Enquirer: 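One structure, as C-alpha cells, below. Some questions next.
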Amino acid sequence: MLGTITRHWEYICNHNKEKTKILGDKNVDPICEDSENKFDFSVMSYNILSQDLLEDNSHLYRHCRRPVLHWSFRFPNILKEIKHFDADVLCLQEVQEDHYGAEIRPSLESLGTM
C-alpha cells in the first residue's frame with residue numbers, strides 16, 4: 001500500500017528468551033503467560049529521526065515523498081503510534097532539543113506519559 005509504514009513489534013518472554021512472539025500471535029510460551037510472580041510491562045523504543053539530521057542527510061531520503069518528511073507531518077503520526085501502543089516505558093532516540101521543549105514534552109505530558 002502506498003503511504004503505509006509497517007512496524008515489527010516483538011514480545012520477549014523473560015523465562016525463555018528463545019521464544020518470541022509478534023503481537024497478535026497466540027503461540028506464546030505458557031510459562032510466561034501463567035507465572036504467578038510475573039511483572040508485565042511494555043517498552044517502546046522509538047527512533048523519531050531528528051529533523052535536523054534528516055535535513056542534513058536528505059540524500060538518504062530521496063526515495064521518500066517530500067511532504068511526509070516534514071516535521072509537521074511526522075510528529076502527529078509519531079504521537080498516534082505512541083498513544084496506540086501505550087507503553088509503560090517510552091525511550092526516544094534522535095530527539096531534537098528544540099522539538100522536545102516546544103512540542104514533544106508538552107504533548108507527552110498531556111497524554112499522561114511523563
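We use all heavy atoms of the structure for the numbers below, so side chains are in, but hydrogens, waters and symmetry mates are not. The structure presented is a predicted model; accordingly, all values stated were derived computationally and were not measured. Numbering starts at 1 and runs along the sequence shown.
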Enquirer: As an exercise, state the distance from CG of Asn77 to NE2 of His84, rounded to the nearest 0.5 Å.
Expert: 13.0 Å
Enquirer: Take atom CD in Glu97; do more than 12 heavy atoms of anything else shown fall under 6.0 Å from it?
Expert: no
Enquirer: Working to the nearest 0.5 Å, report the span between OG of Ser107 and NE2 of His99.
Expert: 11.5 Å
Enquirer: Grouping I, L, V, M, F, W and Y whenever their side-chain heavy atoms are under 4.5 Å apart, do Leu49 and Leu60 come out in a common cluster?
Expert: yes
Enquirer: Compare every heavy atom of Ala87 with every heavy atom of Ser42, then report the nearest pair and how far apart it is.
Expert: OG-CA, 3.2 Å
Enquirer: Does the pair Asn57 and His59 meet the rule for a side-chain contact (heavy atoms from CB on, under 4.5 Å), with working shown?
Expert: CA-CA 5 Å; Asn57 298 284; His59 64 280; 3.9 Å; yes
Enquirer: In Å, rounded to the nearest 0.5 Å, how long is the span from CG of Leu79 to CD1 of Ile48?
Expert: 9.0 Å
Enquirer: Which heavy atom of Glu94 sits nearest a heavy atom of Leu53, and at what distance?
Expert: OE1-CD1, 3.5 Å
Enquirer: Can you measure from CD1 (Ile104) to CD1 (Ile82) and round to the nearest 0.5 angstrom?
Expert: 8.0 Å
Enquirer: Considering all heavy atoms of both residues, which atom of Ile78 and which atom of Tyr46 are nearest to each other, and what is their separation?
Expert: CG1-OH, 3.9 Å
Enquirer: As a test of understanding, state which of Leu90, Leu92, Val89 forms a side chain to side chain contact (heavy atoms under 4.5 Å, CB included) with Met44.
Expert: Leu90
Enquirer: Assess, by modelled atom type and distance only, whether the side chains of Trp71 and Gln96 contain a donor and an acceptor separated by less than 3.5 Å.
Expert: no
Enquirer: So how far is it from Glu103 CD to Leu108 CG, rounded to the nearest 0.5 Å?
Expert: 11.0 Å
Enquirer: In Å, rounded to the nearest 0.5 Å, how long is the span from OG of Ser58 to CZ of Arg66?
Expert: 6.0 Å
Enquirer: If you look at every heavy atom in Gln51 and Leu69, which pair is closest and at what distance?
Expert: NE2-O, 3.0 Å
Enquirer: Looking only at heavy atoms, what is the nearest atom pair of Phe41 and Asp88, with distance?
Expert: CA-OD2, 3.1 Å
